[in-house]
Amino acid sequence: MITEKELKFFSNRVYEIIAYLGLHRWTVSVEWNMNENDTADASVLLNKNQSRAKVLLNKNLELNDETKGKLCTLAMHECLHILLYDLYYYTQVKGYPRSILSEEVDAAEHRIINTLTPLLDHDMDL
């Protein structure tokens, strides 16, 4: 189970990444995910109209030797969701005029995120 210390570490990493990516228009908060049915390690809730993002961390993550590295990767992953939110918003919420399945958009977004996460995470550690 993750402690307040790990939440603080994760939160600080999220704010570092937000600054690094230049996402200054977003107001970002980091909290525990209180939904016991949610099995995601971390997630983000976004509100485009108010430019707010709430990054949630699952308190039930298992601690091990790789915890800090995993928290850094999760932070980068969720911040990239914020970076790419316009892609999701205009294709899913606004309704892109072509016939694209939401699963295709989600898969494309995750391919980009999974490609960028290790590159940017490594670059920030330099």
Side-chain angles (χ1 to χ4, degrees):
M1 184 176 269
I2 299 291
T3 66
E4 290 291 330
K5 182 179 176 183
E6 282 86 21
L7 178 66
K8 181 72 171 162
F9 175 84
F10 178 76
S11 179
N12 288 339
R13 189 64 173 186
V14 166
Y15 296 128
E16 289 171 2
I17 295 166
I18 292 297
Y20 180 79
L21 295 175
L23 299 173
H24 307 294
R25 72 181 182 96
W26 289 92
T27 301
V28 178
S29 64
V30 179
E31 302 174 14
W32 290 119
N33 185 348
M34 302 308 281
N35 182 348
E36 294 178 9
N37 296 322
D38 190 347
T39 59
D41 293 342
S43 55
V44 62
L45 304 174
L46 296 142
N47 180 318
K48 182 170 178 57
N49 294 334
Q50 296 178 354
S51 295
R52 292 185 184 271
K54 185 185 297 186
V55 180
L56 303 172
L57 182 63
N58 189 332
K59 194 169 190 157
N60 295 317
L61 280 174
E62 295 296 322
L63 291 173
N64 59 43
D65 293 340
E66 300 294 321
T67 297
K68 282 194 175 183
K70 180 172 180 119
L71 291 174
C72 287
T73 299
L74 289 172
M76 181 63 75
H77 184 99
E78 300 312 321
C79 288
L80 289 173
H81 275 295
I82 298 169
L83 174 68
L84 296 171
Y85 185 65
D86 285 341
L87 169 71
Y88 171 82
Y89 182 81
Y90 289 111
T91 56
Q92 299 306 107
V93 177
K94 290 297 231 179
Y96 192 67
R98 299 181 188 177
S99 62
I100 297 177
L101 298 174
S102 65
E103 293 84 12
E104 292 173 317
V105 174
D106 187 57
E109 180 184 18
H110 274 92
R111 279 193 300 276
I112 294 166
I113 287 171
N114 291 335
T115 299
L116 291 176
T117 296
L119 298 173
L120 292 173
D121 205 31
H122 173 73
D123 190 47
M124 284 189 68
D125 289 336
L126 296 177

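Predicted, not measured: the structure shown is a model, and the values here were computed from it. What you see below is based on every heavy atom in this structure, not just the backbone, and it leaves out hydrogens, waters and symmetry mates. Along the sequence shown, residues are numbered consecutively beginning with 1.
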Residue Lys54 excluded, over 12 heavy atoms near NZ under 6.0 Å: no

Group every Ile, Leu, Val, Met, Phe, Trp and Tyr by side-chain heavy-atom contacts under 4.5 Å, then state whether Tyr15 and Tyr20 land in the same group. yes

Check whether any side-chain heavy atom of Asp41 lies under 4.5 Å from a side-chain heavy atom of Lys70, and answer yes or no. yes

Between the side chains of Asp38 and Asn33, does any donor sit under 3.5 Å from an acceptor? yes

Quick check: do Val14 and Cys79 have side-chain heavy atoms less than 4.5 Å from each other? yes

Gap between atom CG of Leu21 and atom CD of Glu16 - 0.5 Å precision: 11.5 Å

Would you say the side chain of Phe10 lies within less than 4.5 Å of the side chain of Ile2, judging by non-hydrogen atoms? no

Tell me, with the steps shown, if Glu4 and Leu7 meet side-chain contact (heavy atoms from CB on, under 4.5 Å). CA-CA 5 Å; Glu4 290 291 330; Leu7 178 66; 3.9 Å; yes

Are Arg13 and Lys68 close enough that some pair of their side-chain heavy atoms sits under 4.5 Å apart? no

Note, Thr73 side chain near Thr117 side chain (heavy atom, < 4.5 Å): yes

Heavy atoms, side chains only, cut-off 4.5 Å: are His77 and Asn114 in contact? yes

Strictly distance-based, threshold 3.5 Å: is any side-chain N or O of Thr115 a donor or acceptor partner for the main-chain N or O of Arg111? yes

Asn64 atom CG, over 12 foreign heavy atoms within 6.0 Å: yes

In one Ile/Leu/Val/Met/Phe/Trp/Tyr side-chain cluster, 4.5 Å: Val30, Leu45: no

Specify whether Tyr85 and Trp26 have parallel, tilted or perpendicular ring planes, treating 30° as the upper limit for parallel and 60° as the lower limit for perpendicular. perpendicular

If you define the side chain from C-beta out and look only at heavy atoms, does anything of Asn58 sit under 4.5 Å from Thr39? no

Between the side chain of Glu6 and the main-chain N/O of Thr3, is any donor-acceptor distance below 3.5 Å? yes

Met34-Val44 co-clustered via ILVMFWY side chain contacts under 4.5 Å: yes

Taking the side chain as C-beta and beyond, is there a heavy-atom pair between Leu120 and Ile17 under 4.5 Å? no

Same hydrophobic cluster for Phe9 and Leu56, using side-chain heavy-atom links shorter than 4.5 Å among ILVMFWY? no

Start with the C-alpha distance between His110 and His81, add both sets of side-chain angles, then the distance that settles side-chain contact (heavy atoms from CB on, under 4.5 Å), and finish with yes or no. CA-CA 9 Å; His110 274 92; His81 275 295; 3.4 Å; yes

Membership question, hydrophobic clusters at under 4.5 Å side-chain separation (ILVMFWY): are Ile18 and Leu71 in the same one? yes

